[in-house]
Amino acid sequence: MKLSKKMIAGIVTAAALLIGIIGLLVMMPKGQDSKEEQVAVNSGETLQDASGTDADETVLQGQAADAASGQSNGSDDTSGSAETADPNGTAGQENTSEQVAVMDQNGTDGQTVSDQTMEITPAQTPVSATGTPVAIHGKLSVRGSGLVDKNGNEFQIQGVSTHGIAWFPEYVNKAAFQTIRDEWGANCIRLAMYSAEYGGYCTGGSQSELKQLVNDGVSYATELGMYVIIDWHIMNQDGDPNTHKREALAFFEEMSAKYADYDNVIYEICNEPNGGTQWSSIKSYALEVIPVIKANNPDAIIIVGTPNWSQDVDVAANDPITGYSNIMYTIHFYADTHRDSLRQKMQTAIDKGLALFCTEFGICDASGSGANNITEGNKWISAMDSNNISYCIWNLSNKAETSSLIQSGCNKTSGWTTNELTEAGKWYVGILDSGVTPGSTGISSDTGNNNNNGNNNNNNGNNNNNNNSSTPAVTASSANTQVTIANSGGWSSGNGNCSQYTVTIKNTGSTAVNNWKVTVSFGGNVTLDQSWSGSFSANGSSVTITPVDFNSEIAAGQSVEVGFIISYSGNVGTPTVSID
């Protein structure tokens, strides 16, 4: 039969297709078909070679996602973050124009993580350069009260905690982390992601933006051979971690699956339980979150918060979590507030076999402000060093408060000189003692000194809202107590204004003051947005403050500080204050 040109072309095409299919079948790895390969790419899993080991530790999903969407992973650019710091760097301010979270009619998060967010992919898993902390010490594990390295030798994490990454995203950059590693001598970064405060992960914050910041932070730390803590940072608005347990379970399932093969990632599942939350409630939460993480990474180190702002470690020691390895418990302190009594709690917990990690501390008082107490700070460092307890100082930002490590007038995001550090920053660099002078290595970030992503453009840190500028302190006295309130600045927020205040209660008598009560009155109605170191309630134009456990008694000649932020419309004037 004579074949037409069309028939010949059809035969040639069919033969080519057949040859192509045979070629693909020959090239396909044993035990894994093309569908399984696609699942691995879509889920971010590391492809395994025939022996079951990582294929060059390369996560292929990031390449596939980049090729499909044009999105670059691990970028320094965080300008699209949905949250920014307020204009004078004193608190977080939600940028509602870029919010993607959907809230139900009751004001609660009505979506699951997968409903709301695009998939965030990590950069390729790098091999740490020779001589880095992770390259030398490898995957850590828990033994006794602290950590040991891959060789079974005691190892101490000495790190730095970010402030809320939604408010100060500019400090999540590789050059900043390198400065902290090479010039300060730290070996860990803690990524503090607020779950509820000021547009937090569960209360209107952009979950995709926040997860991308976490991803960037993990990628930079990994590339630099540093350890990194992913911190689910509960605070005043969700003092019981069960408040947003559903979101936490989804978040940690995703993070632990993503970083299952990383030797440097540590999970902190509830920052500071408070508001009277009992250990039984915290433990119940932990016993749901821990299995989720362990299913993806059985050897993961998991840090569990403890009652009363992560201070009552002795209570947790009486009823520890069992059945899992590499579990640690959080202790937090601020040296000018928490002294011998909390150190004794720490020692009690250690004596009972609890493994502790101080994921947050400062050398000022518990408000984050006030004077630094270097003497007490040194006592804490000595006690932790003696017991091989790891620690991270709070906080990497230029926020205008004592606990910040960067001067409020400095907008640099890396390569800080000694003069650009606060007193706390200089002290901590001295504690770590890397032997390198800050600013001497020439490290600088891609964004340089002009990175104002969330920062105030006015280098002196003053607020740019004339109606809400700082005002002189106001003082009132009773028989043996004096109270002073100071406005530390204000800023515009959405449709209104915000102001931050510090209240100091001093015992001017010769006997202890117990169960004090302060009332602050304004010239218009206010809403309480954030508060710390006290129990607060707002009603109309007044804010009432009573103590919490650690400051309910004020010894003769001593004082305590508390703080809060209000939002309001118009101008509420200079407040008046009274004490009962």
Task: Member of Tyr391, Trp380, Trp309 meeting the ring pair (Phe, Tyr, Trp, His ring centres under 6.0 Å) criterion with Phe333 - done: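 Exactly one option meets the ring pair (Phe, Tyr, Trp, His ring centres under 6.0 Å) with Phe333, and it is Trp380.
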So, taking the atom named [atom1] in [X] and the one named [atom2] in [Y], what distance separates them when rounded to the nearest 0.5 Å?
X      : Y      : atom1 : atom2 : result
Ile363 : Asp336 : CD1   : CG    : 9.5 Å
Ser531 : Ile565 : OG    : CD1   : 9.0 Å
Tyr285 : Lys245 : OH    : NZ    : 9.5 Å
Glu209 : Ile165 : CD    : CD1   : 10.5 Å
Ser397 : Leu405 : OG    : CG    : 7.5 Å
Cys202 : Phe251 : SG    : CZ    : 9.5 Å

Do [X] and [Y] pair up side chain to side chain, a donor and an acceptor below 3.5 Å, judged on atom types alone?
X      : Y      : value
Thr337 : Asp365 : no
Glu272 : His332 : yes
Thr475 : Thr484 : yes
Asn487 : Gln500 : no
Asn525 : Ser541 : no
Glu268 : Thr359 : yes
Asp529 : Ser567 : yes
Tyr334 : Glu360 : yes
Asn378 : Trp427 : yes

Has [X] got a side-chain atom pairing as donor or acceptor with [Y]'s backbone, closer than 3.5 angstrom?
X      : Y      : answer
Ser404 : Lys399 : yes
Asn372 : Ile374 : no
Asn387 : Ile389 : no
Thr402 : Ala371 : no
Glu420 : Thr417 : yes
Asp240 : Thr277 : no
Asn187 : Gln158 : yes
Asn308 : Gln311 : no
Trp416 : Lys412 : yes
Thr203 : Gly200 : yes

TODO: Please identify each residue that fulfils salt bridge (Lys or Arg N to Asp or Glu O under 4.0 Å) with Glu197, with sequence neighbours left out.
DONE: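 Not a single residue meets the salt bridge (Lys or Arg N to Asp or Glu O under 4.0 Å) criterion with Glu197.
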Open item on the list: Suppose we call two aromatic rings close when their centres sit under 6.0 Å apart. Are Tyr201 and Tyr194 close by that rule?
Closed with: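 Ring-ring flag for Tyr201/Tyr194: false, centres at least 6.0 Å apart.
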Open item on the list: Tell me if the aromatic rings of Phe522 and Tyr501 count as close, with their centers under 6.0 Å from one another.
Closed with: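 They qualify: ring centres under 6.0 Å apart.
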Task: Verdict with supporting geometry, Gln156 and Asp385, side chain to side chain donor-acceptor pair (under 3.5 Å) - done: CA-CA 8 Å; Gln156 189 180 35; Asp385 288 349; 2.9 Å; yes
Write down the atom of [X], the atom of [Y], and the distance for their closest heavy-atom approach.
X      : Y      : answer
Gly573 : Asn571 : N-OD1, 2.8 Å
Asn507 : Ile554 : ND2-O, 2.9 Å
Thr413 : Asn173 : O-ND2, 3.2 Å
Ala186 : Gly159 : CB-CA, 4.2 Å
Val304 : Ala286 : CG1-CB, 3.9 Å
Ala556 : Gly509 : CB-O, 3.5 Å

TODO: Report yes if some heavy atom in the side chain of Arg190 is under 4.5 Å from a heavy atom in the side chain of Asn271; otherwise report no.
DONE: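 Contact flag for Arg190/Asn271 side chains = yes.
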Tell me if the [atom1] atom of [X] is crowded by more than 12 foreign heavy atoms within 6.0 Å.
X      : atom1 : value
Lys517 : NZ    : no
Asn318 : CG    : yes
Lys345 : NZ    : yes

TODO: For Val572 and Val526, run side-chain contact (heavy atoms from CB on, under 4.5 Å): C-alpha distance rounded to whole Å, both residues' side-chain angles, the deciding distance at 0.1 Å, then the answer.
DONE: CA-CA 8 Å; Val572 293; Val526 299; 3.9 Å; yes
TODO: Sort out for me which residue in Arg343, Gln344, His338 forms a side-chain contact (heavy atoms from CB on, under 4.5 Å) with Asp340.
DONE: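 Running side-chain contact (heavy atoms from CB on, under 4.5 Å) over Arg343, Gln344, His338 with Asp340 returns exactly one hit, Arg343.
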TODO: Begin from the C-alpha positions of Trp184 and Val160 and carry the test side-chain contact (heavy atoms from CB on, under 4.5 Å) through to its verdict.
DONE: CA-CA 10 Å; Trp184 296 11; Val160 173; 4.0 Å; yes
Task: Note: Glu423-Lys426 ion pair, threshold 4.0 Å (strictly below) - done: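 The answer is no: the pair does not qualify as a salt bridge.
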TODO: State which residues pass side-chain contact (heavy atoms from CB on, under 4.5 Å) with Val315; sequence neighbours excluded, sorted by chain then number.
DONE: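 Per chain and number, Val315 pairs via side-chain contact (heavy atoms from CB on, under 4.5 Å) with Trp279, Asp312.
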Task: Contacts of type side-chain hydrogen bond (donor to acceptor under 3.5 Å, both in side chains), residue Ser403, not counting sequence neighbours - done: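 Listed in chain order: Asn395, Glu401.
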Task: His233 and Trp394 aromatic ring geometry - parallel, tilted or perpendicular at 30°/60° bounds - done: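 Parallel: the ring planes of Trp394 and His233 meet at under 30°.
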Task: Test side chain to side chain donor-acceptor pair (under 3.5 Å) applied to Ser195 and Asp238, step by step - done: CA-CA 8 Å; Ser195 50; Asp238 55 349; 2.5 Å; yes
